[in-house]
2 protein chains.
Amino acid sequence: MARTIKVSIIEDDETLRDGYAFLIGATEGYDVISTYCSYDEASKKIATDKPDVILLDIELPGVNGIDAIPKLKKLLPNCYVLILTVYESEKQIFNALANGASGYLTKNTPSTKIIESIKEVREGGGPMSINIARLVIRSFQKNQESPLSKRETQILELIGEGKSRAQIANELFIDLETVRSHIKNIYLKLDVNSRADAIKLARQNKLI
Amino acid sequence: MARTIKVSIIEDDETLRDGYAFLIGATEGYDVISTYCSYDEASKKIATDKPDVILLDIELPGVNGIDAIPKLKKLLPNCYVLILTVYESEKQIFNALANGASGYLTKNTPSTKIIESIKEVREGGGPMSINIARLVIRSFQKNQESPLSKRETQILELIGEGKSRAQIANELFIDLETVRSHIKNIYLKLDVNSRADAIKLARQNKLI
DNA sequence: TCATAAATCCCCCAAATAGGGGGATACTAT
DNA sequence: ATAGTATCCCCCTATTTGGGGGATTTATGA
């Protein structure tokens with residue numbers, strides 16, 4: 001496992017790009033094999049570079065970093081993409097991860113942590129900056145003060161799975177009319193009158 | 001911000017409990033104010049302890065750790081719960097986070113990392129062990145080889161939000177019949193014949 | 001003890017919805 | 001040229017939904 005880790009960097013800011021390249025290249029066990037200032041430029045040659053890990057910026061000229069991830073993964077299926085950016089918006093983060101990024105670091109990350117993260121990602125980890133980890137964990141947390149009862153929450157979850165009243169009744173071993181009653185109460189409490197609105201409100205407020 | 005961090009530990013294994021207590025208590029800036037071997041025991045007194053952070057085991061006698069989290073958060077709304085366990089099953093992890101845990105460490109975590117994580121959690125971070133972070137990040141990643149086209153994926157997402165054909169047609173500025181066609185194709189490709197089954201399969205395979 | 005919430009079940013009704021058929025056309029990329 | 005995609009059109013029926021109106025039982029808490 002003492003193989004050198006081959007790193008490519010895609011970053012449009014020259015100063016940062018050179019800085020990272022120098023820092024990482026100077027570290028034992030790491031080799032910066034190429035640097036690019038955009039995806040468009042990288043796409044031509046990166047497949048032959050065969051890096052283990054790509055450090056990727058989000059704000060790039062041309063194809064942005066988020067959209068570049070699936071393209072890079074297609075060119076290099078066994079390569080890990082590590083996002084290194086100033087963006088901290090939830091959408092950006094979740095889109096980057098959904099698109100296949102294996103880690104997400106913000107640019108205030110100390111260089112030792114960046115270098116450590118490159119190794120971590122190649123060993124199957126999922127490195128994140130502290131502030132990113134907070135957002136990611138929060139995205140899982142449910143609202144502790146739901147107006148809905150347990151049963152109601154459970155039924156709303158099944159509605160969120162696209163199930164009909166009949167299917168829900170079967171699954172919970174209760175009568176169709178009981179399911180109706182619960183749904184009526186859910187609608188009353190959430191002040192909505194359709195499945196779609198109930199789901200939307202419940203997801204927004206993390207009731208389900 | 002140089003205040004001492006008050007820590008409580010809930011862990012049924014005496015050796016581990018004493019070990020953690022010793023390690024953390026001996027560290028500058030940390031104070032272990034109480035240790036308990038179960039939630040039931042802790043519930044009586046922990047509200048008056050007022051810890052900043054609770055280190056919580058999952059496999060506990062009586063009320064298990066997962067179920068204890070919301071109860072602890074109710075007793076101490078401003079306290080952070082940090083899970084420290086051997087369990088690494090996806091369900092356990094996601095349930096713990098959904099219930100309000102602010103971090104998740106596995107027991108092979110080196111003590112320096114545990115101590116660092118306690119500080120991190122109090123500063124709004126979301127510390128995780130490397131293997132946990134990997135699972136968490138994977139849970140966001142979509143399948144890159146979906147059989148569905150972009151439009152089909154988009155429509156299936158809206159179905160997953162409980163929307164009717166008419167609502168989808170409105171939202172996408174296309175005809176009701178076009179939505180129908182797409183849904184027919186989705187059902188064909190996924191080999192299902194209902195919304196619920198399509199959603200289930202799509203979620204399982206991370207197509208949406 | 002009395003009110004409240006929760007969970008269960010029952011009936012009426014009309015309108016909307018879903019899913020199974022059968023097509024067509026135009027554009028794009030390979 | 002062929003396949004895939006996106007768009008639109010028609011037939012049909014059974015299912016589903018949501019709005020009314022109830023009732024009963026069991027906890028739980030004030």
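Please read these numbers as outputs of a predicted model, since none were measured by experiment. All values below come from the heavy atoms of this structure, side chains included, with hydrogens, waters and symmetry mates left out. Throughout, protein chains are lettered first and strands after them, A, B, ... in sequence-line order, and every chain is numbered starting at 1.
Taking atom CZ of B:R151 as the reference point, atom C1' of D:dC8 lies 13 Å away to the nearest angstrom. Rounded to a whole Å, the CD atom of B:Q167 is 9 Å from the P atom of C:dA18. The CD1 atom of A:I183 sits 16 Å away from the P atom of D:dG20 (whole-angstrom rounding). One can place CG of B:L188 at 13 Å from C1' of D:dG4, the figure rounded to the nearest angstrom. To the nearest angstrom, C1' of D:dT7 lies 16 Å from CD1 of B:I168. B:I155 has its CD1 atom 16 Å from the C1' atom of C:dT17, to the nearest Å. Counting to the nearest Å, the P atom of D:dT7 and the CG atom of B:L176 are 13 Å from each other. Summarising the geometry, the separation between NZ on A:K184 and C1' on D:dT16 is reported as 14 Å, rounded to the nearest angstrom.
Comparing D:dA6, D:dC10, C:dG20 by their nearest atom to the side chain of B:N193 picks out C:dG20. Side chain of A:S194, nearest nucleotide from C:dC10, D:dT7, D:dG18: D:dG18.
Residues B:D175 and A:Y187 each lie close to DNA chain D; by heavy-atom proximity, the contact nearer the 5' end of the strand is made by B:D175. Where B:R180 and A:R180 meet DNA chain C, the nucleotide closest to each residue was compared, and A:R180 sits on the side nearer the 5' end.
A:N185 has no side-chain polar atom (N or O) that falls below the 4.0 Å cut-off from OP1 or OP2 of C:dA6. For D:dT7, the OP1/OP2 oxygens have no side-chain nitrogen or oxygen of B:S181 closer than 4.0 Å. Applying the 4.0 Å criterion to OP1 and OP2 of D:dT7, one finds that B:H182 has a side-chain N or O inside that range. An OP1 or OP2 oxygen of D:dA6 is reached within less than 4.0 angstrom by no side-chain nitrogen or oxygen of B:T178.
In this structure, A:F140 and B:F94 have parallel ring planes: the angle between them is below the 30° cut-off, well short of the 60° mark.
Using a 4.0 Å heavy-atom criterion, one finds that A:S164 contacts the sugar-phosphate atoms exclusively. Backbone-only contact: A:S149 has heavy atoms under 4.0 Å from sugar-phosphate atoms and none from a base. Heavy atoms of A:R195 sit under 4.0 angstrom from primed sugar atoms or phosphate atoms, though from no base atom.
The one candidate from A:L56, A:L55, A:T106, A:L105 that meets the side-chain contact (heavy atoms from CB on, under 4.5 Å) condition with A:I83 is A:L56.
Not a single donor-acceptor contact under 3.5 angstrom links the side-chain atoms of B:K189 to the base of D:dG4. One donor-acceptor pair, N or O on each side, does fall under 3.5 Å between the base of D:dG18 and the side chain of A:R165.
By the 4.0 Å N-to-carboxylate-O rule, B:D57 lies close enough to B:K107 to be salt-bridged with it.
Between the side chain of B:Y39 and the main chain of B:L72, no donor-acceptor pair closer than 3.5 Å is present. In terms of modelled atom types and a separation under 3.5 Å, the side chain of A:Q167 and the main chain of A:S164 share a donor-acceptor contact.
Between B:E152 and B:P147, the shortest heavy-atom distance links the atoms OE1-O, 4.4 Å.
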